[in-house]
Amino acid sequence: MNGKIFIIEDEASIIQLIQHNLEKEGFIVSSSVNGNDGLKELKKFQPNLLLLDWMLPDFSGIEVCKNIRKDISLKNLPIIMLTAKGEEEDKIKGLDSGVDDYLTKPFSFNELLARIKAVLRRADPKVVSDKIEFDDLKLDRIEKRVFRDNKEIQLGPTEFRLLEFFLTNPKRVYSRDQILESVWPNNINVESRTIDVHIRRLRQSINLKDKKELIRTVRSSGYSLV
Ligand code: CA
């Protein structure tokens, strides 16, 4: 999985625990400790799912949620609310708040992961699927194999991650910074030149003779799978 998950939660220890475990599962994770920063960061990060704490120092989770639903670019973002008390559960159930699911603290990571997968399976199936297809391209996340027009293609590990990233988010245009953040999440020393080199290698590998170009260069913006 290489879906992106954003966490808004004011307890650093909870963020650390969730982030560490989600990254081990292959997710790309970013976070904020309050609603105001969270709303700004979300737009830049463009996650596939949001984990949202109910009690935040500035806004309540419900207010953050309402703001998200008003925003055209975020209004379909799946949200799982993290709550502390039984009373909050009742409120969430009773509210038409636009929350997709909720989880009461304390929860186990496995329970959280199961909820995340269930919500993503409904909202954004390609993020949790083992096999992704686009046009005549097929990628198997478990077996780490790629096929174009039913012919197997050998890719290096970086090119595989790049292709997986593009396939999870086809047709969206990504800047080099966004690609860097998603495909090399822990490496701040990667230069944009390096990204271009890997994109070129990926193109050379997947562009079979007589087949159309799948990765488009968008002048001054970045790249896109089309
Ligand atoms: Ca809290």
Side-chain angles (χ1 to χ4, degrees), residues 1-125 127-128 165 168-169 177-178 180-182 184-188:
M1 262 165 276
N2 76 340
K4 293 161 84 176
I5 296 184
F6 197 84
I7 309 167
I8 304 181
E9 160 67 73
D10 58 325
E11 282 171 69
S13 61
I14 294 183
I15 290 187
Q16 264 172 20
L17 186 79
I18 298 176
Q19 179 153 6
H20 173 74
N21 283 299
L22 284 175
E23 283 172 352
K24 278 205 295 192
E25 292 291 324
F27 288 102
I28 297 149
V29 184
S30 187
S31 62
S32 279
V33 291
N34 63 60
N36 196 31
D37 292 344
L39 280 166
K40 284 183 206 146
E41 293 296 318
L42 262 182
K43 286 201 176 195
K44 280 190 255 165
F45 189 66
Q46 290 284 322
N48 300 98
L49 182 139
L50 169 67
L51 298 176
L52 177 59
D53 186 25
W54 170 276
M55 292 284 277
L56 292 165
D58 49 358
F59 300 131
S60 77
I62 289 295
E63 282 171 290
V64 173
C65 186
K66 281 182 183 157
N67 273 296
I68 286 172
R69 294 303 181 224
K70 271 189 260 169
D71 188 307
I72 193 94
S73 69
L74 297 173
K75 79 179 176 16
N76 296 317
L77 175 67
I79 301 174
I80 297 178
M81 186 79 88
L82 308 176
T83 72
K85 291 175 244 135
E87 188 194 346
E88 293 171 359
E89 286 174 32
D90 294 338
K91 279 188 200 161
I92 290 175
K93 275 190 243 173
L95 270 172
D96 186 18
S97 56
V99 172
D100 296 83
D101 201 357
Y102 72 94
L103 200 53
T104 310
K105 295 176 192 172
F107 49 79
S108 72
F109 176 73
N110 285 339
E111 194 180 355
L112 176 66
L113 185 64
R115 299 291 186 92
I116 288 173
K117 285 184 179 172
V119 169
L120 283 176
R121 219 167 266 135
R122 284 199 302 269
D124 211 345
V127 177
V128 280
F165 172 72
T168 314
N169 310 275
D177 283 349
Q178 286 170 318
L180 178 68
E181 195 178 284
S182 299
W184 287 265
N186 301 313
N187 199 338
I188 46 165

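A quick note: this is a predicted structure, and the numbers were derived from the prediction, not measured. These values consider heavy atoms only, across backbone and side chains, with no hydrogens, waters or symmetry-generated copies. Both ligands and their constituent atoms are indexed starting at 1 by order of listing.
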Please report the interatomic distance CG(L42) to OG(S31), rounded to the nearest 0.5 Å. 11.0 Å
Walk me through whether K43 and D71 qualify under side-chain contact (heavy atoms from CB on, under 4.5 Å). CA-CA 10 Å; K43 286 201 176 195; D71 188 307; 2.6 Å; yes
Any side-chain donor-acceptor pair under 3.5 Å between N36 and D58? no
Quick one: report the N, O or S atom of D53 that is nearest to the Ca ion (ligand 1). OD2
Of all the atoms in E9, is at least one N, O or S atom closer to the Ca ion (ligand 1) than 3.0 Å? no
Heteroatom N/O/S of D10 within less than 3.0 Å of the Ca ion (ligand 1): yes
Measuring from F165:CZ to W184:CH2, what's the distance to the nearest 0.5 Å? 10.0 Å
